[in-house]
Novice: 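Here you go, one structure.
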Amino acid sequence: MSRTGRVERTTKETSVVVEINLDGTGQVDVATGVGFFDHMLDQLGRHGLFDLTVKTDGDLHIDSHHTIEDTSLALGAAFRQALGDKKGIVRFADASVPLDESLAQVTVDLSGRPYLVHTEPEGMAPMIGAEYDTTMTRHILESFVAQAQIALHVHVPYGRNAHHIVECQFKALARALRYASEIDPRQPGIPSTKGAL
Ligand SMILES: [Mn+2]
C-alpha cells in the first residue's frame, strides 16, 4: 500500500502542486521561488525521509507571503492524504535537533485535530535573505497544521542566529513527522481507543 499524497491548489494568487511519499528516501525536488523556503522544504524531505516534490508559481511581485502560506497549506493537505486511515502508525513522536547555538524541540500527535503551540526566542532578525520574513515560520506551521490536522508543539528555548533558529525547527519537525508516521510493527490497528483518527 503506497502512502502518497498529491494536492493541486490554484487561486488568483498562487498555483501549487505538492506530491509526497511518506515511505520515501528523502528525494526532494522543490521550487517555490523563495530560496530560503526551498531550503527549509529540502530539510523537511531529507530528514523526514519523505520523497517530496513542490512546485509553486506565486505572486512574488507582491511579496512572498501568499507563496509561502499556500505552499504550506497544500503540503499539509498532501501529508494528511498520504496518512490515509492511519492504520498501524506510531502516531506520537518527538525530536530535538540542535543547529550550533540553537535548539528546536518538536512534539507531534497525528491526532486528526489541528492545534499549534509555538515559541521562539525574542528579538530575532526580521528577515532571512530578501524574501523570508521570520514571522512567516509560525504562519507556515499554522497553515500546515490546519490542513494536516495534527497537534504540533514547536519550541526553540534558545538560539541567536535567525537562519539557525528557523532551520533547526524544520529539521526537528521532519524527524518528528517521520517517527510519528512510521509503521509500528506491534500495532496493527488504528492507534486510538476511539477507533478513528
Ligand atoms: Mn496569511
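Both counts, for ligands and for their atoms, begin at 1 and track the order of listing. Predicted, not measured: the structure shown is a model, and the values here were computed from it.
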Novice: Specify whether Phe79 and Phe144 have parallel, tilted or perpendicular ring planes, treating 30° as the upper limit for parallel and 60° as the lower limit for perpendicular.
Specialist: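 The arrangement is tilted - the two ring planes meet at 30° to 60°.
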Novice: Would you please test Leu75 and Val7 for side-chain contact (heavy atoms from CB on, under 4.5 Å) and show each step?
Specialist: CA-CA 8 Å; Leu75 182 64; Val7 170; over 6 Å; no
Novice: Quick test of your reading of the model: are Arg138 and Glu142 salt-bridged, counting only N-O distances below 4.0 Å?
Specialist: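 No.
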Novice: Any Lys/Arg nitrogen of Lys12 or Asp59 sitting under 4.0 Å from an Asp/Glu carboxylate oxygen of the other?
Specialist: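 Salt bridge between Lys12 and Asp59, a charged N being under 4.0 Å from a carboxylate O: no.
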Novice: With hydrophobic residues grouped by side-chain heavy-atom distances under 4.5 Å, do Val90 and Leu197 end up in a single group?
Specialist: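 No, because Val90 and Leu197 fall into different hydrophobic clusters, even though each may have its own neighbours under 4.5 Å.
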Novice: With 2.8 Å as the limit, jot down which protein N, O or S atoms are around the Mn ion (ligand 1).
Specialist: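 Those protein N, O or S atoms (cut-off: under 2.8 Å from the Mn ion (ligand 1)) are His65 NE2, Glu69 OE1, His139 NE2.
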Novice: Do Phe36 and Ile68 sit in one hydrophobic cluster, given that two such residues count as connected whenever their side-chain heavy atoms are within less than 4.5 Å of each other, even indirectly?
Specialist: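 Yes, Phe36 connects to Ile68 through the hydrophobic network.
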